[in-house]
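The structure appears below as structure tokens.
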Amino acid sequence: MARLLDIRRVRQDPEPIRSALVRRDAAYADRLDALLRADAEHRSALAALERLRAERNTLSQSVSLARREGDEARAQAAIARVKDMSQEMARLESLQAEQAERVRALLLELPNVPHPSVPSGGEGDAVEVRRHDAPPIGVPAKVPLPHWEIGQRLGLLDFERAAKVSGSRFVVYRGLGARLERALANFMLDHHAARGYTEILPPYLVREETLWGTRHLPKFREDMFVTTDNRYLISTSEIPVTAYHGDEILSHEALPIRYVAYSACFRSEAGAAGRDTRGLIRQHQFDKVELVTLCRPETSYDVLEAMTRDAQSVLEALQLSHRVVALAAGDLGFSSAKTYDVEVLLPGSGGYREISSVSNVEAFQARSLGIRFRDEEGRVQHVHTLNGSGVAVGRALAALLEQGWQEDGSVRLPEVLWPYMGGVREIAPADRAVRS
RNA sequence: GGAGGGGUGGCCGAGCGGCUGAUGGCGGCGGUCUUGAAAACCGCUAGGGCGCAAGCCCUCGUGGGUUCGAAUCCCACCCCCUCCGCCA
């Protein structure tokens, strides 16, 4: 799956790319220079090799020409000359392959180029774009409580037994808690399907090749769980769903292609020791409804806005307070050119937390996955891909508990969920099943 | 797991050592005809790399090998299909 990346654009006009990458991290300036040098060396080796190959091909053809004329002596002479070339050929071939590999390795380490509209700065510099303050559903409690506390009191979440069975960062949902998780996922799927997304239920295990395609490898290897047969548990359904059209040339009439997928997601959280150790926020396994769009390049920024609205619309329907922030360049994910995070309010456990992250990946993944389309003029170009949570189910559940927590110790549910909950409108302490 | 069969261009499908980067069909684009459309007929139509260009190079699942020369022969791996076994 070694494929063209956008080296040509880098080569032709490196300056804007260099300065955009530096907005992520100043260290990329040197890496870009290393890439340009490696690329120049590679191209001169390639040109030399191709000249030699052209010569060899001509000589080879002259063998059959000479034989057809019955001139065996000339044929033998040509064969001898080709044989003489073989050593030099082999030398140039291995040189060229080495240099191509070097270019590839450097290219794989370079992240996507931030869009000009992306705010500058790092983690703390996200810009709030808009906010939605939902009126409380019931009678809010005076003292907020973290969702793990509420969940345990109401018998919805069991972290202790989950740890016994599976270790830390796992949870068992039970009773109405399990029902609520399932209700949320079903509601979100129906919600997005009604807005024109096609529902996908993807495989949870993918081949290593697929992860190279989506650019999760080589950089995020330590975040992934690997199986004994060298498959990987997906960390997001973005992976199987985006790769779904890999190696295809689509008709322009098929675009945009919009998918909504539910899946469990698995993350080893290798670099997050000690962070968010309590509650549902950071688990090794969680449920997520994901949106993926493949579209024409010229429409992708409109699609980014629309998908962010789609993610938000879930929270509006659930009557959850939230805000949208534009991530700063230094905080962008590796593949993203621009990202909006949707942050839901968790009044009991410390403010706004990411519940959705919507990214325009532009052609970054489409190039390595080989997802292209034929336009009206018959020209082949890469699609742009976008992905965004629509939304993280466990975090939505946490927000429902914390925002719906009432003075009398119950949790009021938003109306859209009632049908999915079999008519249950409120989860009260009486519903508590098993105590410790 | 065992035994077979197969992976070729947007799709289907030939080719099985050299003028084959690939016959043919479908689809697409352009044209003739038509008031318009359909039908019929004619022409064009794989992807990628290097180069200002002319042009050259690479690619017939992937990687090796044989050969002056490989879609075609050999080896390994991946994937798909059929039958048998096992199984939710």
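In this text the structure is predicted, and so the values were computed from the model without any measurement.
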Exercise. Where each pair must be Watson-Crick or G-U wobble with both distances under 3.5 Å, what dot-bracket representation of RNA chain B is obtained, with crossing pairs in [ ] and other-strand partners as |?
Worked result: ((((((((.[[[..)..(.....]]]((((((.......))))))(((((....))))).[[[[[..)....]]]]])))))))....
Exercise. Sequence neighbours excluded, which residues qualify as side-chain hydrogen bond (donor to acceptor under 3.5 Å, both in side chains) partners of Thr236(A)?
Worked result: Lys288(A)
For this session: Scan residues 177-188 of chain A for pairs that pass side chain to side chain donor-acceptor pair (under 3.5 Å), counting only residues two or more places apart or in two chains.
Result: Tyr173(A)-Glu181(A)
What nitrogen or oxygen pairs link the protein and nucleotides 76-78 of chain B at under 3.5 Å?
from, atom 1, to, atom 2, distance (Å)
rC78(B), O2', Arg207(A), NH2, 3.0

Exercise. Any salt bridge (Lys or Arg N to Asp or Glu O under 4.0 Å) pairs touching residues 43-54 of chain A, not counting sequence neighbours?
Worked result: Asp39(A)-Arg43(A), Arg53(A)-Glu93(A)
For this session: Could you note down all residue pairs passing ring-ring contact (aromatic ring centres under 6.0 Å, His included) where residues 224-254 of chain A supplies at least one of them, sequence neighbours left out?
Result: Phe225(A)-His284(A), Tyr244(A)-Tyr259(A), His245(A)-Tyr259(A)
Problem set entry | Residue pairs, two or more places apart or on separate chains, that pass ring-ring contact (aromatic ring centres under 6.0 Å, His included) and touch residues 36-60 of chain A | none
Exercise. Glu415(A): what forms a side-chain hydrogen bond (donor to acceptor under 3.5 Å, both in side chains) with it, not counting sequence neighbours?
Worked result: none
Seminar exercise, completed: So salt bridge (Lys or Arg N to Asp or Glu O under 4.0 Å) across residues 261-274 of chain A, not counting sequence neighbours, yields Glu269(A)-Arg282(A)
Exercise. According to the side chain to side chain donor-acceptor pair (under 3.5 Å) rule, which pairs have a member within residues 77-88 of chain A, sequence neighbours left out?
Worked result: Glu88(A)-Arg91(A)
For this session: Taking only heavy atoms on the protein side, list every residue of residues 46-53 of chain A lying under 4.0 Å from any atom of RNA chain B, sorted numerically.
Result: Leu46(A), Glu50(A), Arg53(A)
Quick test: give all pairs of protein nitrogen or oxygen and nucleotides 63-70 of chain B nitrogen or oxygen below 3.5 Å, distance rounded to 0.1 Å.
from, atom 1, to, atom 2, distance (Å)
rC68(B), OP1, Lys83(A), NZ, 3.2
rC68(B), O2', Ser60(A), OG, 2.9
rG69(B), O4', Ser60(A), OG, 3.2

